[in-house]
Amino acid sequence: MEPAEAEFLAEQELVTIVPSFSMDRVHLIGGDLGPFNPGLPVEVPVWLAINLKQRQKCRLVPPEWMDVEKLEEMRDQERKEDTFTPMPSPYYMELTKLLLNYASDNIPKADEIRTLVKDTWDTRMAKLRLSADSFVRQQEAHAKLDNLTLMEINTIGTFLTQALDHMYKLRTNLQPAHSSQSQDF
Amino acid sequence: MFVSDCRRDFYERIVSQRVLLLVASDVDALCACKILQALFQCDHVQYTLVPVSGWQELETAFLEHKDQFKYFVLINCGANVDLLEILQPEEDTFFFVCDSHRPINVVNVYNETQIKLLVKPDDDLDVPAYDDIFRDEEEEEEESEAESDGSEPSDKRRRFEEEVIERTMKRRQRREWEARRREILFDYEQYEYHGTSSAMVMFDLAWMMSKDLNDMLWWAIVGLTDQWVQDKITQMKYVTDIGILQRHVSRHNHRNEDEENSLSIDCMRIAFEYDLRLALYQHWSLYESLCNTSYTSANLKLWSVQGQKRLQEFLADMGLPLKQVKQKFNSMDISLKENLKEMIEESASKFGMKDLRVQTFSIHFGFKNKFLASDIVYATASLMESIEKEGPETTNFIKALDSLSRGNLDKLHQGLDLAKKQLRAIQQTVASCICTNLVISQGPFLYCSLMEGTPDVRLFSKPVSLCLLSKYLLKSFVCSTKNKRCKLLPLIMAAPMDVEQGTVIMVGIPPETESSDKKNFFGRAFEKAAESTNSRTLHNHFDMSIIELKTEDRSKFLDALISLLS
């Protein structure tokens with residue numbers, strides 16, 4: 001899976017906007033949208049929110065977890081634990097990027113938020129690399145990791161599977177030396 | 001007809017239609033076009049953009065597209081001529097004209113159906129009253145009816161005499177009315193000048209629809225600054241318009257002072273500055289900027305050796321070491337940069353330059369990017385008139401249009417480099433013209449002609465660059481000459497335009513005085529002189545004071561002008 005695909009899936013998440021136009025309920029295949037009334041907050045998928053924001057028809061309300069203190073707590077907790085802590089949203093990285101790129105004027109202290117989320121991401125990637133390293137080194141058969149998000153799995157997925165493939169090939173190449181006996185004439 | 005409610009009578013009518021945008025080639029028009037494009041993109045309006053640089057291109061574009069479009073928006077072109085006569089449109093085509101050229105042609109003002117002017121009517125227009133210029137045709141029929149009325153033979157002679165007297169009275173009235181009409185029209189159309197910038201009008205429209213953004217405000221600021229840089233509006237009008245924009249700026253940018261909720265550094269901020277008038281000084285070295293800005297160069301007389309000495313004195317007076325001043329502005333010592341503006345202002349008033357600081361705005365986004373409005377104007381103007389021929393004719397226009405978006409910083413930097421070259425070329429040409437006494441007084445005006453082999457003369461074959469050169473030349477000439485009468489004369493400047501076709505481009509600018517109202521009479525003067533001498537001239541530009549003519553006809557044209565104006 002490409003990162004772009006993960007972002008596409010992230011755009012389905014709901015976010016609150018305050019529209020500046022009015023429209024009746026819209027029925028789409030994936031679900032219903034609206035009705036939109038100026039000044040009244042409404043929940044829409046991120047793809048629509050970004051489009052409306054670009055056309056200046058709405059104002060984005062940052063999600064609850066996108067707050068400096070909460071993110072600081074999250075980051076500190078991530079650093080303390082050895083395993084992965086649960087994240088506020090399964091798409092926290094994609095949402096941060098999308099919202100901060102297109103609507104940073106609606107999000108207070110956007111720069112700090114960006115730094116905090118990046119710090120958390122770096123910590124989790126470091127833990128992931130450590131875990132993958134020990135997995136390969138100790139030739140484990142299976143492992144279980146909780147609380148990983150799709151983007152993180154995606155980042156390490158290809159590398160890990162290819163590395164394990166190589167390890168398998170190297171291991172099986174050693175086997176014939178054991179199994180084949182030298183023949184006595 | 002003037003549009004009173006821009007939103008209802010203009011925007012709502014075109015929002016569901018396909019529109020053709022005809023945009024003139026100057027920075028103000030580019031900014032207005034950008035604002036309108038942003039509005040169109042928000043509302044998914046289908047439009048086609050056609051850049052035009054003269055009347056001929058306007059006509060060609062109109063003929064090409066008249067079958068497909070019913071709604072035309074003209075930006076910075078078309079207000080000062082009779083549009084219906086030139087374009088001969090169908091009955092159901094509509095023109096929306098947003099133009100800063102004045103005076104507005106009376107036919108455009110009084111046409112009720114097809115031509116809508118996006119101009120605020122209180123913009124000191126002085127349009128003559130309808131009855132003074134147009135006479136109803138019914139009155140003529142009444143006259144002829146009265147004449148052909150039969151009458152009884154007994155009173156016939158008396159009535160006949162009465163009729164004759166009536167007729168002669170009417171004819172005399174009519175002749176008087178026509179003479180007065182000619183006079184009124186002559187007074188009205190004699191002087192050309194400029195009104196509110198089109199970019200500001202477009203921003204007003206966006207504001208009325210509550211769709212205004214900081215980006216659009218910045219483009220409005222650049223449009224106004226373009227009018228100021230090119231000396232098209234009076235100082236008072238500039239200050240008034242800056243006041244209007246200042247209110248919008250504080251409305252959009254008040255959050256910068258609030259520490260709690262400060263914006264991300266990537267967001268664009270506009271700030272009001274009372275900054276130095278030196279061209280491009282933050283992207284150049286202070287020394288270069290002092291040498292190449294017309295204000296400082298003219299007042300310090302930098303074309304002479306004495307002038308250079310005065311410049312050194314000026315720098316020494318401020319305590320700025322030469323080494324610091326000659327390196328890039330960003331690398332100057334911070335201690336020197338801190339109080340630079342106040343220091344320069346103090347020293348400048350000792351040297352006779354009282355207006356070195358001017359009210360303007362600056363834009364700030366990211367950590368590295370800070371630009372003054374005048375920087376953007378110079379950069380965009382030089383991109384638009386760059387003489388390097390790459391690709392079809394409209395690439396320069398499109399490049400300049402793109403450079404106004406914040407995402408295209410590389411084009412902006414390219415423009416800044418070209419602007420530096422242009423300013424240097426202007427200063428060198430001005431210096432050589434003054435030193436070799438190329439500016440001669442012809443009686444009612446000053447005249448200067450650039451020879452074929454002058455360095456960078458190709459840069460001045462474009463109208464905006466040539467206008468800039470002429471204004472700088474006039475300023476410097478006024479400072480250099482001792483002849484009091486010559487200081488009050490206007491200037492005509494000629495430069496070779498196309499060597500193969502043997503054409504010359506000629507520009508006339510009004511005289512340089514403290515409180516000039518920037519009204520230019522050369523438009524009509526050129527027309528009359530061309531008629532009387534049958535010179536092969538081309539009055540192609542939207543500014544009537546810029547014409548092209550054949551090199552051979554130049555001398556008789558000038559003679560005709562001299563006799564006309566003296």
(message) Does B:Lys337 have more than 12 heavy atoms from other residues, nucleotides or ligands lying within 6.0 Å of its NZ?
(response) yes

(message) Measuring only between side-chain heavy atoms, which start at C-beta, is A:Arg55 closer than 4.5 Å to B:His44?
(response) yes

(message) For A:Asp105, is there an ion pair with B:Arg269 - N to carboxylate O distance below 4.0 angstrom?
(response) no

(message) Can you confirm whether A:Glu73 is buried at CD, in the sense that more than 12 heavy atoms of other residues, nucleotides or ligands lie under 6.0 Å from that atom?
(response) no

(message) Which atoms of B:Asn214 are under 4.5 Å from chain A, going by heavy atoms: the side chain, the backbone, both sets, or neither?
(response) neither

(message) Tell me whether A:Tyr102 at atom OH has more than 12 heavy atoms from other residues, nucleotides or ligands lying less than 6.0 Å away.
(response) no

(request) Can you measure from CE (B:Met209) to CD (A:Gln56) and round to the nearest 0.5 angstrom? (result) 9.5 Å

(message) Atom CD of residue position A:Gln12 - does it have more than 12 heavy atoms of other residues, nucleotides or ligands inside 6.0 Å?
(response) no

